[in-house]
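Naming convention: chains lettered A, B, ... in sequence-line order (proteins, then strands); numbering from 1 in each chain.
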Protein chains: 2
Amino acid sequence: MKNQKEFPSCKTCGTKHLSVFCALNNEQVEEIDNSKGCNFYNKGQVVFHEGNRTNGIYCINKGKVKLFQIGAEGKEQIIRFAKPGDVVGYRALLSEEPLSASAAALEDDTTICFIPRDQIFSMITQNPNFNFKFLKMLSHELGEAAKIITDLAQKPVRERLAETLLILKDTFDMDEEKNIQVKLSREELANIVGTATESVIRLLSEFKKDKLIAVEGRNIKLLNIPGLTRVANVFE
Amino acid sequence: MKNQKEFPSCKTCGTKHLSVFCALNNEQVEEIDNSKGCNFYNKGQVVFHEGNRTNGIYCINKGKVKLFQIGAEGKEQIIRFAKPGDVVGYRALLSEEPLSASAAALEDDTTICFIPRDQIFSMITQNPNFNFKFLKMLSHELGEAAKIITDLAQKPVRERLAETLLILKDTFDMDEEKNIQVKLSREELANIVGTATESVIRLLSEFKKDKLIAVEGRNIKLLNIPGLTRVANVFE
DNA sequence: AAAATTAGCTGATGAATGTCATGTTTTAAC
DNA sequence: GTTAAAACATGACATTCATCAGCTAATTTT
């Protein structure tokens, strides 16, 4: 029963003010809290499977999650990441389509709440602010997806890897020593960039040689962010 | 004043039942009709520019439109197409971000209505069905974008071109003789697939040699759809 | 602790595909 | 109708990058 005491409550959830749920009033938070379920995942464990139906949305309370599709040759393609306060599974719920991606925990003790469909739909209908949060989140994501499409279609692997490192930095932040606060395998990096694991390994060494980054195992330190930005060929 | 007589009315618009606007009642259609504007575009003319702000959404009444971003080397990347009944510009409006893509007419006499922001927002708030149409449209588009990302990251050019032809068929239909009902330059095809114009030219000849398609100028006839599907390596 | 598995690394090689050059055809402009 | 411009086509070549093989280091399992 050790996990029992860590079972989170929406009322005291520190991620609330960062998430879509910040649009809810106390009464509505109470309602979510009563209807939600919560699960704990170790690194690598799958939260939901691409192709299945979902009956609610998942809210990350603790830990990190990757969203990925399995492509033509059974290869994983990482589409997106989620951290505390982020929700996943909402795309499938709102489109009433099967899940377009699988989700897996990136860390041990990843804690994820599940809010059933009916609560979400009723809040969307009742609370226009909550509704607009979803419209905004979806349309923002769609814009991000379009950028990724253009980059994948036009930029070479080297630039895409540099950009991926910068995106990971923006998503998960750095500590005081400029370490990106997420640990990914070379293979996972390759599955974001859309390249082979060996190419990631070689390019990381190049970046290291050029003093753009420092690497210790899965720990990546961004030594020269303007330099990386130049490599990534990012203007805006 | 020749165009005047072709100025469309929402009340009689044949595309209404196909579009998000099918969720509106007569009174609301009337309101949209009174507030909307309408413009005519010739082939190549730009409807809106990436990076600008939008103050409403665009509804295609007649003709075809491409949505594209300009990538790193100034190269066009086509993100999506729109045909009568489709709306464009809604992503930027709902996210309150600048337009993430430009839109240009693919045919002469393309007719596009503009519905101002306030009407859209007030209908979303008033009419839950209309609201859910947008949620569904956005989340569906997001799913499509994820598929495209995985394909761009993992499939070779040959497969992507075959898949593009099949997607164009699904989007714009074929006539009785299996001609895809949209005319694109080789360069535009390249800008969907994410490849060089020369590669598209070569691969189209290969498909032609393999009796998968017939080509006459910009007219592409799909002779063997199961064959193309196999080349595209599409399962679902 | 030993064995086995997984992850990381490096070099060699070849295939896919982008680039460049050039010519031809089609379309648009005058 | 002639000229100019754009689109299409093809060959030669260069480059990027994936694949394969083999090896070492780090984890995990037994």
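Look at Glu107(B) and Lys62(B) and you find no salt bridge, because none of the NZ, NE, NH1 or NH2 atoms lies under 4.0 Å from a carboxylate O. At a threshold of 4.0 Å, the pair Asp210(B)-Arg158(B) counts as salt-bridged, since one of the basic side-chain nitrogens sits closer than that to a carboxylate oxygen.
The side chain to side chain donor-acceptor pair (under 3.5 Å) with Thr150(A) is formed by just one residue from the set Glu76(B), Gln69(B), Lys75(B), Gln77(B); it is Gln69(B). Screening Leu184(B), Thr197(B), Leu203(B) against Leu189(B) for a side chain to side chain contact (heavy atoms under 4.5 Å, CB included) leaves a single residue, Leu184(B).
With dA18(D), dA16(C), dT10(D) as the choices, the nucleotide that has an atom nearest any side-chain atom of Ile201(B) turns out to be dT10(D). For Arg186(B), counting side-chain heavy atoms from C-beta on, the closest listed nucleotide (dC9(C), dG18(C), dC8(D)) is dC8(D). Taking the side chain of Val157(B) as heavy atoms from C-beta on, and the options dT17(C), dC8(D), dT19(C), the nearest nucleotide is dT17(C).
For Thr195(B) and Lys43(B), each mapped to the nucleotide of DNA chain C holding its nearest heavy atom, the one lying further toward the 5' end belongs to Thr195(B). Both Arg202(B) and Leu203(A) lie near DNA chain D, and the one whose nearest nucleotide falls closer to the 5' end is Arg202(B).
OP1 or OP2 of dG18(C) sits under 4.0 Å from a side-chain N or O of Ser199(B).
Counting to the nearest Å, the P atom of dT16(D) and the CD atom of Gln154(A) are 17 Å from each other. Rounded to whole Å, atom C1' of dC20(C) lies 16 Å from atom CD of Glu73(B). When rounded to the nearest whole Å, the span between CD of Glu206(B) and C1' of dC8(D) equals 17 Å.
Nucleic acid contact for Arg218(A): sugar-phosphate only, since backbone atoms but no base atoms lie under 4.0 Å from a heavy atom of the residue.
Interface remark: the Glu198(B) side chain does form a donor-acceptor pair with the dC20(C) base, using a distance-only criterion of under 3.5 Å.
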